[in-house]
Trainee: 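Handing you this structure, nothing more for now.
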Amino acid sequence: MDDATVVYVHGNGNKVRKELLKSRWDRALFGTDIGAASRMACWAPVRYGTPLPDDEPDPLSGGPPSVRELPDPTVPRTPEEFIEQTLREARRKAGPARGRRSAQAGEEQLAHWLAKMTYSAETLGRAEDATPAPATAPASPDLAEALPLPLFMRAPVFELLVKLTFEDVYAYFFGGVGEEMRDVVRGELADVPPGPLALVGHSLGSVIAYEVLREERRDVTLFVSLGSPLGITEVQDRLALPAAVPAGVAAWSNVSDLRDLVALDHWLRPEYGPAGLVTDHLVRNDSGNHHGITEYLRSAPVQQKLRTLFGRVASHPAE
């Protein structure tokens, strides 16, 4: 449809400048920049002072972390030490807890999610010998699936994912910046012209987009959540309103890889009523951490839904 618009809400971690980030999502999804038909709700400046250089990869793209992101190999660390260190860093960077509910109880809940992500990362990161499933096979729930990285690089890939994810989610709920993050999404939606609207949120971006839609009715033809933590009980308990499909959302596609640590609960349909509006899709995201946005945007459910809405043919084959 010529009058359709898609608004993107990016996920955790710092990003490149807004225009470049928007163009990268366009190219992953449509094979070309679609101009004014797409918008990027870029909330990274709320948390990070300056954008990443244009040539620097997204820290959560799934590739090997840069040297400055790698942990010190001379310091032995257990998962328990990593959990405490990450929680301590999240507190420090967020400042005094200013969440919308009890900070102590909420912190304990989020810390439990942090622990689950960490132990899953430890399992995934140190799996060496499992045989990868054939490309035509459905995604396997086996957390021991081998990764295309040498052993010494595997754990850091997942530690970086867990660390940045938790720090940004903690800041959103307890750091006093949640309202400002939601304002970024509200601003992009307010400027959208009449016509079919798709809202695509990745990781924490799906939580921010969801809460904006729950606050006030907005007619959305398709809401797409990618690698979303909205199925996680500890995250649901921090939401301002009970879990439900936002009024005005005609259809919701939730897309995740079973190995994605951020989306540890992949099934939104049973918890977000009314029944029948949410469809959960399992896909293979073969980025290094199974959470990369490019791989999600190129997955079959996302391609098919958005191509139909925009009347476009993808320039690359869907999975």
Side-chain angles (χ1 to χ4, degrees), residues 7-22 25 39-52 58-60 69 83 85-114 117 160-191 199-216 218 223 225-230 232 234-241 243 246 262-263 291 293:
V7 175
Y8 306 127
V9 189
H10 69 77
N12 307 79
N14 198 8
K15 307 298 175 190
V16 296
R17 55 191 170 84
K18 175 179 177 178
E19 297 78 10
L20 179 58
L21 184 63
K22 175 262 189 200
W25 282 47
R39 318 284 179 90
M40 174 60 70
C42 187
W43 56 263
V46 175
R47 285 272 291 150
Y48 304 93
T50 57
L52 296 175
D58 188 324
L60 295 187
E69 294 164 341
I83 292 166
Q85 179 188 30
T86 301
L87 183 56
R88 186 168 58 248
E89 277 291 294
R91 290 192 196 108
R92 183 184 67 81
K93 292 180 179 179
R98 292 173 284 166
R100 288 169 288 175
R101 298 186 187 181
S102 165
Q104 182 175 358
E107 183 178 285
E108 291 174 356
Q109 289 171 324
L110 285 187
H112 187 240
W113 176 46
L114 169 61
M117 284 195 293
L160 182 63
L161 172 66
V162 172
K163 182 175 183 293
L164 289 183
T165 296
F166 184 77
E167 287 182 359
D168 278 349
V169 171
Y170 187 95
Y172 176 74
F173 286 117
F174 300 115
V177 295
E179 186 68 16
E180 200 172 345
M181 290 177 173
R182 291 190 293 277
D183 276 344
V184 173
V185 178
R186 293 186 193 109
E188 292 296 337
L189 290 176
D191 196 35
L199 186 59
V200 181
H202 179 223
S203 199
L204 175 58
S206 68
V207 177
I208 301 170
Y210 166 82
E211 292 224 270
V212 168
L213 294 179
R214 283 287 278 144
E215 289 172 355
E216 58 185 57
R218 175 83 197 200
F223 178 38
S225 52
L226 306 172
S228 175
L230 280 167
I232 307 298
E234 293 84 356
V235 172
Q236 291 178 10
D237 287 344
R238 309 318 312 153
L239 299 175
L241 297 171
V262 179
H291 187 68
I293 183 57

Trainee: Testing Q85, R92, R91 for side chain to side chain donor-acceptor pair (under 3.5 Å) with E89, which one passes?
Mentor: R92

Trainee: Charged N to carboxylate O below 4.0 Å: is that the case for K22 and E188?
Mentor: no

Trainee: Hey, what do you get for OG1 (T165) to CG (L204), rounding to the nearest 0.5 Å?
Mentor: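 Output value for this atom pair is 8.5 Å.
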
Trainee: If the condition is side-chain contact (heavy atoms from CB on, under 4.5 Å), which residues does E234 pass it with, not counting sequence neighbours?
Mentor: Q109, H112, W113, K116, I232

Trainee: For R214, which residues count as a salt bridge (charged side-chain N to carboxylate O under 4.0 Å, His left out) partner, sequence neighbours excluded?
Mentor: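 With neighbours one apart ignored, the set is empty.
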
Trainee: Within the side chain of H291, is there an N or O that forms a donor-acceptor pair under 3.5 Å with the backbone of A263?
Mentor: no

Trainee: Find the distance between CD1 (I293) and CH2 (W25) and round it off to the nearest 0.5 Å.
Mentor: 3.5 Å

Trainee: If the condition is side-chain hydrogen bond (donor to acceptor under 3.5 Å, both in side chains), which residues does R218 pass it with, not counting sequence neighbours?
Mentor: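 R218: no side-chain hydrogen bond (donor to acceptor under 3.5 Å, both in side chains) contacts found.
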
Trainee: Check for a donor-acceptor pair, side chain of E211 on one end and backbone N or O of A240 on the other, with a separation under 3.5 Å.
Mentor: yes

Trainee: Which residues pass the salt bridge (charged side-chain N to carboxylate O under 4.0 Å, His left out) test with E179, sequence neighbours left out?
Mentor: R182, R186

Trainee: Could you pull out all residues at least two apart from A44 that satisfy side-chain contact (heavy atoms from CB on, under 4.5 Å)?
Mentor: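 Residues passing side-chain contact (heavy atoms from CB on, under 4.5 Å) with A44: H10, N14, K15, C42, Y48.
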
Trainee: To the nearest 0.5 Å, what is the distance between CG (L164) and OG1 (T86)?
Mentor: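 Atom-to-atom, L164:CG and T86:OG1 are 9.5 Å apart.
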
Trainee: Of all residues at least two apart in sequence or in a different chain, which pass the side-chain contact (heavy atoms from CB on, under 4.5 Å) check with A111?
Mentor: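 Residues passing side-chain contact (heavy atoms from CB on, under 4.5 Å) with A111: L87.
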
Trainee: Quick one: pull up CZ in F166 and CD1 in I83 and give me the separation to the nearest 0.5 Å.
Mentor: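 Those atoms lie 9.5 Å apart.
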
